[in-house]
Amino acid sequence: MAEVTARNEPGRPLAVVVDTGVHQLIADEPVAVGGDDLGPGPYELLLASLASCIVMTLELYARRKAWPLEGVEVRVRHGRRDALPEDDLPAGRRIDRITYAVDLAGPLEEDQRTRLLEIAARCPVHRTLTGRIEIDREG
């Protein structure tokens with residue numbers, strides 16, 4: 001099980017030191033919302049997790065298949081939309097929406113490109129975000 005620790009950075013209004021046990025980084029919010037813009041915000045980190053997982057998954061898959069994948073670029077965006085009647089949610093609710101685009105470089109055949117785009121949706125982070133998630137507070 002992965003574990004990450006986050007703690008506030010004294011003297012900084014919203015800066016947070018994120019520690020993975022091996023790596024550290026700073027998360028923050030832009031100045032416009034009261035932060036110091038010392039690092040990516042929480043949603044940027046979430047999107048970075050998805051984008052990097054897709055890239056890694058495609059690299060590993062292509063390597064295993066010995067396909068001529070020369071590069072992968074993934075762009076991810078987060079937004080919200082109003083719930084529609086068919087969403088079966090209370091009126092006024094909004095739905096988070098993440099969209100992504102994948103650019104594949106290299107002399108891939110069309111069926112290889114198609115398969116890689118299918119595999120993108122099967123990366124572990126994508127599966128976590130689209131599956132059932134339980135978040136519980138310990139203690």
Side-chain angles (χ1 to χ4, degrees):
M1 172 182 271
E3 182 173 298
V4 172
T5 302
R7 61 175 167 73
N8 66 309
E9 180 69 12
R12 302 286 187 176
L14 295 174
V16 175
V17 176
V18 179
D19 189 330
T20 69
V22 177
H23 303 285
Q24 282 191 344
L25 62 111
I26 294 181
D28 201 356
E29 289 286 1
V31 173
V33 295
D36 289 322
D37 204 17
L38 298 174
Y43 277 102
E44 291 168 317
L45 293 169
L46 177 69
L47 298 179
S49 294
L50 177 59
S52 60
C53 187
I54 291 171
V55 170
M56 291 176 194
T57 298
L58 296 182
E59 288 280 357
L60 289 169
Y61 188 86
R63 189 179 310 156
R64 193 174 83 238
K65 295 286 192 177
W67 289 353
L69 179 63
E70 295 173 355
V72 180
E73 181 176 293
V74 176
R75 290 175 312 284
V76 185
R77 293 183 178 171
H78 171 259
R80 292 186 176 94
R81 68 169 175 81
D82 292 327
L84 301 170
E86 58 267 22
D87 292 322
D88 198 29
L89 292 172
R93 289 290 303 264
R94 299 195 39 107
I95 294 177
D96 286 276
R97 180 173 170 81
I98 295 174
T99 58
Y100 66 93
V102 180
D103 289 328
L104 304 171
L108 296 161
E109 296 176 11
E110 196 55 39
D111 62 325
Q112 292 172 328
R113 286 181 183 280
T114 300
R115 182 64 178 148
L116 286 169
L117 294 176
E118 291 170 356
I119 293 298
R122 295 170 61 187
C123 85
V125 172
H126 188 289
R127 291 167 76 143
T128 296
L129 291 173
T130 57
R132 182 174 174 182
I133 300 175
E134 294 180 355
I135 301 176
D136 299 315
R137 182 178 59 86
E138 294 179 357

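Quantities reported herein were computed from a predicted structural model and do not represent experimental measurements.
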Enter the distance from [X]:[atom1] to [Y]:[atom2] here, rounded to the nearest 0.5 Å.
| X | Y | atom1 | atom2 | answer |
| --- | --- | --- | --- | --- |
| Leu50 | Tyr100 | CG | OH | 7.5 Å |
| Leu108 | Lys65 | CG | NZ | 13.5 Å |
| Met56 | Leu60 | CE | CG | 8.5 Å |
| Leu117 | Leu58 | CG | CG | 7.5 Å |

Nearest atoms (heavy-atom pairs only) where [X] meets [Y]:
| X | Y | result |
| --- | --- | --- |
| Asp28 | Ala15 | OD1-N, 3.5 Å |
| Gln24 | Asp19 | NE2-OD2, 3.2 Å |
| Val102 | Ala120 | CG2-CB, 4.4 Å |
| Ala121 | Arg127 | O-CG, 4.2 Å |
| Glu44 | Gly39 | OE1-O, 4.5 Å |
| Ala27 | Val18 | CB-CG2, 4.2 Å |

(request) Find out whether Cys123 and Val55 are in side-chain contact, i.e. whether some heavy atom of one side chain is under 4.5 Å from a heavy atom of the other. (result)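 No - every pair of side-chain heavy atoms lies 4.5 Å or more apart.
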(request) State, yes or no, whether a side-chain contact exists between Leu104 and Val72 at a heavy-atom distance under 4.5 Å. (result) yes
With sequence neighbours excluded, residues passing side chain to side chain donor-acceptor pair (under 3.5 Å) with [X]:
| X | result |
| --- | --- |
| Arg12 | Asp36 |
| Arg94 | Asp82 |
| Asp37 | none |
| Asp103 | Arg75 |

(message) For Glu3, is the CD atom crowded, meaning more than 12 foreign heavy atoms sit under 6.0 Å from it?
(response) no
(message) With a 6.0 Å cut-off (strictly less than), is the heavy-atom count around CZ of Arg64, excluding the residue itself, greater than 12?
(response) yes
(message) Which Ile, Leu, Val, Met, Phe, Trp or Tyr residues join Leu89 in one cluster when any pair of side-chain heavy atoms under 4.5 Å counts as a link?
(response) Ile95
(message) By the ring pair (Phe, Tyr, Trp, His ring centres under 6.0 Å) test, which pairs, at least two apart or in different chains, include something from residues 13-50?
(response) Tyr43-His78
Table please: side-chain donor-acceptor pairs of residues 129-138 below 3.5 Å, with sequence neighbours left out.
{"from": "Thr130", "atom 1": "OG1", "to": "His126", "atom 2": "O", "distance (Å)": "2.8"}
{"from": "Arg137", "atom 1": "NH1", "to": "Gly139", "atom 2": "O", "distance (Å)": "2.8"}

(message) Let's go through Leu45 and Leu25 carefully: what are the C-alpha distance in whole Å and the side-chain angles of both, what is the deciding distance for side chain to side chain contact (heavy atoms under 4.5 Å, CB included) to 0.1 Å, and is it a yes or a no?
(response) CA-CA 11 Å; Leu45 293 169; Leu25 62 111; 3.9 Å; yes
Who passes salt bridge (Lys or Arg N to Asp or Glu O under 4.0 Å) against [X], sequence neighbours left out?
| X | result |
| --- | --- |
| Arg80 | Asp96 |
| Arg7 | Glu9 |
| Asp87 | Arg81 |

(message) Please determine whether residues Val16 and Leu47 belong to a single hydrophobic cluster, defined as Ile, Leu, Val, Met, Phe, Trp and Tyr linked transitively by side-chain heavy-atom distances below 4.5 Å.
(response)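 The answer is no; the residues belong to distinct hydrophobic clusters.
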(request) May I have all residue pairs that pass side-chain hydrogen bond (donor to acceptor under 3.5 Å, both in side chains) and include part of residues 47-61, sequence neighbours excluded? (result)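 Non-adjacent pairs meeting side-chain hydrogen bond (donor to acceptor under 3.5 Å, both in side chains): Tyr61-Arg115.
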(message) For a side chain to side chain contact (heavy atoms under 4.5 Å, CB included) check, start with the C-alpha distance between Val76 and Leu46, then their side-chain angles and the critical distance, and finish with the verdict.
(response) CA-CA 10 Å; Val76 185; Leu46 177 69; over 6 Å; no
(message) For Glu29, give me all partners under side-chain contact (heavy atoms from CB on, under 4.5 Å), at least two apart in sequence or on another chain.
(response) Leu14, Val33, Pro42
